[in-house]
Amino acid sequence: MSGHVDGLGKIVGREKDENAIWIMISAPAELLRYIVDKGSITIDGISLTVVAVTDTGFTVSIIPHTQDETTLVKKKIGDVVNLENDVIAKYVEKLMRPAAPVEPKGGLTLDFLLANGF
């Protein structure tokens with residue numbers, strides 16, 4: 001994570017599960033494309049592991065230590081949160097794009113050589 005907010009999500013669900021709290025967050029498609037099961041996501045500056053992803057959002061599980069050390073569990077359904085996607089997904093996307101052709105920057109070319117009798 002790099003500390004840059006990519007967009008906003010909204011808390012849409014919350015469920016207690018033994019000692020953990022599951023928080024469901026809706027997110028726009030342009031952010032969800034980078035979110036994967038067991039991947040990383042940062043919510044309000046807290047780096048967490050994604051439990052599950054759907055077409056409209058994702059779920060994280062907040063363990064007791066994170067509950068004690070952060071303010072995330074104090075958020076309510078409907079609250080807006082800052083989201084930062086894992087930077088690895090952004091790197092992969094960029095590397096998968098076709099590279100732009102590189103134009104020669106002067107120097108010897110076949111055309112130059114032919115025009116000058118070589």
Side-chain angles (χ1 to χ4, degrees):
M1 304 302 187
S2 63
H4 299 280
V5 173
D6 291 311
L8 301 175
K10 185 185 286 188
I11 297 176
V12 295
R14 182 184 170 106
E15 185 177 313
K16 183 106 170 99
D17 180 29
E18 295 182 21
N19 65 348
I21 297 173
W22 292 41
I23 297 179
M24 294 71 129
I25 297 176
S26 66
E30 62 266 17
L31 297 181
L32 281 172
R33 67 181 288 147
Y34 301 112
I35 301 173
V36 297
D37 291 352
K38 312 294 185 279
S40 297
I41 186 76
T42 298
I43 304 169
D44 282 350
I46 306 159
S47 183
L48 299 165
T49 301
V50 176
V51 174
V53 181
T54 68
D55 291 338
T56 59
F58 63 95
T59 301
V60 292
S61 177
I62 311 302
I63 62 172
H65 177 75
T66 306
Q67 294 172 34
D68 294 341
E69 298 297 324
T70 69
T71 60
L72 189 56
V73 294
K74 295 178 181 165
K75 300 271 185 176
K76 296 175 178 40
I77 292 176
D79 283 354
V80 173
V81 290
N82 293 314
L83 300 176
E84 179 189 351
N85 291 109
D86 189 343
V87 71
I88 292 173
K90 298 173 196 174
Y91 287 139
V92 169
E93 179 182 62
K94 182 169 183 163
L95 291 171
M96 296 301 294
R97 285 189 213 134
V102 177
E103 297 293 327
K105 296 182 179 181
L108 290 176
T109 65
L110 182 57
D111 290 337
F112 175 83
L113 293 172
L114 292 173
N116 289 284
F118 292 94

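How far CG of Asp86 is from OG of Ser47: 8.0 Å, rounded to the nearest 0.5 Å. Atom CZ of Phe118 and atom CG of Leu110 lie 12.5 Å apart (nearest 0.5 Å). The structure places CZ of Phe58 at 4.0 Å from CD1 of Ile25, a figure rounded to the nearest 0.5 Å. Summarising the geometry, atom CD1 belonging to Ile62 is positioned 7.0 Å from atom CD1 belonging to Ile46; distances are rounded to the nearest 0.5 Å.
Asp79 places no side-chain N or O within donor-acceptor distance of the main-chain N or O of Ile11, the cut-off being under 3.5 Å. Checked by atom type and distance alone, the side chain of Gln67 pairs as donor or acceptor with a backbone atom of Asn19 at under 3.5 Å. Under the 3.5 Å distance criterion, the side-chain polar atoms of Thr42 are left unmatched by any main-chain donor or acceptor of Gly45. For Lys16 (side chain) and Glu18 (main-chain N/O), a donor-acceptor pair under 3.5 Å exists by modelled atom type.
Counting heavy atoms from C-beta outward, Glu93 and Tyr34 have side chains that approach closer than 4.5 Å. The shortest distance between side-chain heavy atoms of Lys90 and Asp6 falls below 4.5 Å. The shortest distance between side-chain heavy atoms of Leu31 and Asn85 falls below 4.5 Å. No side-chain heavy atom of Val50 sits under 4.5 Å from any side-chain heavy atom of Val36.
For the residue pair Leu32 and Val53, the shortest heavy atom distance occurs at CD2-CG1, 4.3 Å. Residues Arg14 and Lys75 approach most closely at NH1-O, 3.3 Å, considering heavy atoms. Closest of all the heavy-atom pairs between Met24 and Glu15 is CE-OE1, 4.0 Å. Across Leu83 and Ala27, no two heavy atoms sit closer than the pair CD1-CB, 3.9 Å. Here the closest heavy-atom approach between residue Lys10 and residue Val81 is recorded as N-CG2, 4.5 Å. The minimum heavy-atom distance between Leu8 and Pro28, with the atom names listed, is O-CD, 3.3 Å.
Test Leu48, Val73, Ile21, Val60 against Thr66 for side chain to side chain contact (heavy atoms under 4.5 Å, CB included) and you get one pass: Leu48.
Within 6.0 Å of the CD1 atom in Ile77, the count of heavy atoms belonging to other residues, nucleotides or ligands exceeds 12. The environment of NZ in Lys76 is sparse: at most 12 heavy-atom neighbours from other residues, nucleotides or ligands sit within 6.0 Å.
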